[in-house]
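Below is one structure, written out as structure tokens; comments come after it.
Just so it is clear: chains get the letters A, B, ... in the order the sequence lines come, proteins before strands, and each one is counted from 1. It should be emphasised that the depicted structure is a prediction, and the values quoted were computed from it without experimental measurement.
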Amino acid sequence: MPDPLEELRATIRSAAGAMRDAAPDAITPTLERPPKPELGDYSTNAAMLLAPAFGQAPRDVAERLRSELDARLAGSAERVEVAGPGFVNLFLADRWHRESLAAQLDAGDAFGRSTPERPERVLVEFVSANPTGPLTVAAGRGAAYGDSLARLLELAGHEVEREYLLNDVGGQVRRFAESIAARMQGREPPEDGYRGEYVVELAGDLATAGADPADLEELARSGTEAMRERIAATLERFGVRFDTWFSERFLHEGSKIQAAIEHLRRRGHVYESEGAIWLRTTEFGDDKDRVLMRSDGEPTYFAADIAYHRDKLERGAERMIDPVGADHHGYVPRMRAAIEALGHDPDLYEAPIMQFVRLVEGGERARMSKRKGEFAALDDLIDDIGVDAARFFMLQRSHDTALDLDLELARLQSQDNPVYYVQYAHARIASILRKAVAEGRAPAATDGMADEAALAKAASADGALAAPAKAAERALVQQLLELPAEAVGAAERRAPHRLVAYATASAADFHAFYRDCQVVGAPDGLEQARLAICVAAKRVLARTLDLLGVSAPERM
RNA sequence: GCCCCGAUAGCUCAGCUGGAUAGAGCGACUCCCUCCUAAGGAGUAGGCCGCAGGUUCGAGUCCUGCUCGGGGCGCCA
């Protein structure tokens, strides 16, 4: 896919290469928009990066780079300047903007997509909340993060699988079954059981279906299955769908755990002590060794998880990304150690730490504990503020920052709500296109809406457009061209929250364009050019919102 | 005690792997609808980037120490 900014970067690299008599290692210069428009359209720090290797003052290197670039950008740049400590600033011609916009439109839906140097098969395992209760808001943050990350990785050219690990066996599940049984018999759940109202309802349903309160095995099975369905329904509402629901029970029943332990034993990392079987994780940087098989003969969750990750690798995963809650972050070093003990590079296992979400309203904070029965359910949050606001707010902040979600702000269906800022820009563009069709200034598609593809095609024809000349036009075009790099950067850094900032900035640039540039009714050529900019902006906003899992409305 | 994360505007937080005069939203204050959606725009006020050192042409960003807050240190998951 043509990426005009990537071509500019390549030009800078080649100019830097041409002057590298001292042959420094490859540098990765920045290409960014300077803080003030007077400083040019783009700026690079390449000279400052090269200066140490040349043993020259940054400004002198910058001057040499300037003349190299000046020659290479003859048709595209009006001028190239050296400024500040050694920045080389590019003032690009109208023609460059026109051609870049045309290239973007020509790429259609492929714009933003990229091909990594080394595409990977990535398995993103997320949410994986115990099927012993409804999803909490905290799980929702993990869902929003994991799903957006998966979407980003796909756009960045990787092969992605979304997977949910169902912890459908073990102590928590037993307590869950005991709690259901107690409710079926009209008793209170045990002290360490699940006391939520949903357990009462579930017990009623199972009783109606003829379940036997004495058969804990069966209650565990049907209870977790009922919860799994409920969780899946909540996630579906939330716009999150998994490729695979992986049952931990499968690992136990299929002797996968024994096989994994045996594998580790053959590699020489397993020993017995105090009646238990241990993995020598300290060999790989962990604080202490960890138990795989308890003295009562039951495998630990850790052993099951090792078998699980081994299974992921056997299924072809080249990278495993497991966003985990902050309350489990202590678990990460031992899992890393286990990956290494299995004979793999531990770096292919990544566990982004999800910090907590706190719901804030008038200073009050909801607690989130499933077992005590007082929790903030994701469904309740969606009912309250809607999917778009929920996902936008949860993705607004870096995953490793604790988030206070302000319900009062998120609930507002008004101008104060930051979600609508971006959506409104999209709706405004749709409105312009509708008007253009209504006045016969743009072709209509079969559905009566503007034929965006036709507009794009006409615009990308060579020389068809007047050049974007106003500052607001140029700024918007430049902003839209950032999408591919933004998407790749957000994917590589596992940081979907960057897209929220990008979407907000793009919307702001559109609103400024809207203020300064009349579209429908502008002089011939200019009107076509602006309609093309509108189409490009609409696509970028829709794409970005989609990556966030937020809708892009045609009207508001 | 050890480990992880955080500390940036009144509030909630960004800051693109070290670059130019540190940004956004909310809140406060002033303006702008004969005009494609005012869910918008223009502007003002608001900062010792937790503290102290260090690294270098340059540090909110990297290193060390400290303070405060959150979390974790189980043969639970």
Parallel, tilted or perpendicular: ring planes of A/Phe302 versus A/Tyr331, cut at 30 and 60 degrees:
perpendicular
Do the non-hydrogen side-chain atoms of A/Thr544 and A/Val422 ever get within less than 4.5 Å of each other?
no
Applying a 4.0 Å non-hydrogen cut-off, can you work out what [X] is touching in the nucleic acid: base, sugar-phosphate, or nothing?
X: A/Thr401; value: sugar-phosphate
X: A/Thr30; value: nothing
X: A/Asn89; value: base
X: A/Glu274; value: base
X: A/Ala495; value: nothing

To the nearest 0.5 Å, what is the distance between OG1 on A/Thr282 and NE2 on A/His269?
11.0 Å
Determine the Euclidean distance between corresponding [atom1] atoms of [M] and [N]; express it in Å to zero decimal places.
N: B/G41; M: B/C26; atom1: P; value: 9 Å
N: B/A14; M: B/G50; atom1: P; value: 13 Å
N: B/C35; M: B/G40; atom1: C1'; value: 13 Å
N: B/C48; M: B/A22; atom1: P; value: 13 Å
N: B/G23; M: B/G6; atom1: P; value: 23 Å
N: B/A28; M: B/G10; atom1: C1'; value: 9 Å
N: B/G47; M: B/C11; atom1: P; value: 12 Å

Looking at [N], I'd like to know if its phosphate oxygens (OP1 or OP2) sit under 4.0 Å from a side-chain N or O belonging to [X].
X: A/Arg428; N: B/A38; result: yes
X: A/His497; N: B/G15; result: yes
X: A/Arg494; N: B/U17; result: no
X: A/Arg434; N: B/C36; result: no
X: A/Tyr421; N: B/G41; result: yes

Those residues at least two apart in sequence (or on a different chain) that pass ring pair (Phe, Tyr, Trp, His ring centres under 6.0 Å) with A/His426 are none
With sequence neighbours left out, what residues match A/Phe513 under ring pair (Phe, Tyr, Trp, His ring centres under 6.0 Å)?
A/Phe510
Quick one: which of [options] gets closest to the side chain of [X]?
X: A/Leu409; options: B/C26, B/A77, B/C36; value: B/C26
X: A/Ile432; options: B/C36, B/C26, B/A20; value: B/C36
X: A/Gln518; options: B/C36, B/A77, B/A20; value: B/C36
X: A/Pro418; options: B/C5, B/C16, B/G25; value: B/G25
X: A/Gln172; options: B/A77, B/C36, B/A39; value: B/A77
X: A/Arg175; options: B/A77, B/C75, B/C76; value: B/C76
X: A/His511; options: B/G40, B/G15, B/C36; value: B/G40

Which protein N or O atoms sit under 3.5 Å from an N or O of nucleotides 29-33 of chain B?
none

In whole angstrom, give the distance that lies between atom [atom1] of [X] and atom [atom2] of [N].
X: A/Leu395; N: B/C13; atom1: CG; atom2: P; result: 15 Å
X: A/Arg9; N: B/C16; atom1: CZ; atom2: P; result: 16 Å
X: A/Tyr420; N: B/C26; atom1: OH; atom2: P; result: 14 Å
X: A/Tyr502; N: B/G15; atom1: OH; atom2: P; result: 17 Å
X: A/Lys435; N: B/C36; atom1: NZ; atom2: C1'; result: 5 Å
X: A/Asp509; N: B/G41; atom1: CG; atom2: P; result: 11 Å
X: A/Met335; N: B/A77; atom1: CE; atom2: P; result: 14 Å
X: A/Asp404; N: B/G6; atom1: CG; atom2: C1'; result: 12 Å

Polar atoms only, N or O, under 3.5 Å: list the protein pairs with nucleotides 70-73 of chain B and their distances.
| residue | atom | partner | partner atom | Å |
| --- | --- | --- | --- | --- |
| B/G71 | O2' | A/Ala326 | O | 3.0 |
| B/G71 | N2 | A/His329 | NE2 | 2.7 |
| B/C73 | O3' | A/Lys288 | NZ | 3.4 |

Checking A/Gln172 against A/Asn167: is there a side-chain donor and acceptor pair closer than 3.5 Å?
no
Pair A/Arg428, A/His511: side-chain N/O donor-acceptor within cut-off below 3.5 Å
yes
With a 3.5 angstrom cut-off on both distances, give the Watson-Crick or G-U wobble partner of B/C51, or none if there isn't one.
B/G65
With the 90 degree cut-off around zero defining syn, does B/C11 come out syn or anti?
anti
Is B/U17 in the syn or the anti form, by the rule that syn lies within 90° of 0?
syn
Run the salt-bridge test on [X] and [Y] with the 4.0 Å N-O cut-off and return the result as yes or no.
X: A/Glu178; Y: A/Arg175; value: no
X: A/Lys312; Y: A/Asp322; value: yes
X: A/Lys538; Y: A/Glu554; value: yes

Residue pair A/Glu486, A/Arg498: steps toward the salt bridge (Lys or Arg N to Asp or Glu O under 4.0 Å) verdict:
CA-CA 8 Å; A/Glu486 288 286 341; A/Arg498 283 168 170 269; 5.2 Å; no
For the residue pair A/Arg336 and A/Tyr349, would you count it as a cation-pi contact if the rule is NZ or CZ under 6.0 angstrom from the ring centre and within 45 degrees of the ring axis?
no
Side chain to side chain donor-acceptor pair (under 3.5 Å) with A/Glu163: which residues, sequence neighbours excluded?
A/Tyr308, A/Arg315
For RNA chain B, whose closest nucleotide is more 5', that of A/Ala425 or that of A/Leu433?
A/Leu433
Using heavy-atom distances to pick each residue's nearest nucleotide on RNA chain B, tell me which of A/Arg493 and A/Ala507 is more 5'.
A/Arg493
Check: protein-nucleotides 21-24 of chain B nitrogen or oxygen pairs below 3.5 Å:
| residue | atom | partner | partner atom | Å |
| --- | --- | --- | --- | --- |
| B/U21 | O4 | A/Lys36 | NZ | 3.4 |

Evaluate side-chain contact (heavy atoms from CB on, under 4.5 Å) for A/Leu5 paired with A/Tyr42, printing each intermediate quantity in order.
CA-CA 10 Å; A/Leu5 288 185; A/Tyr42 292 97; 3.4 Å; yes
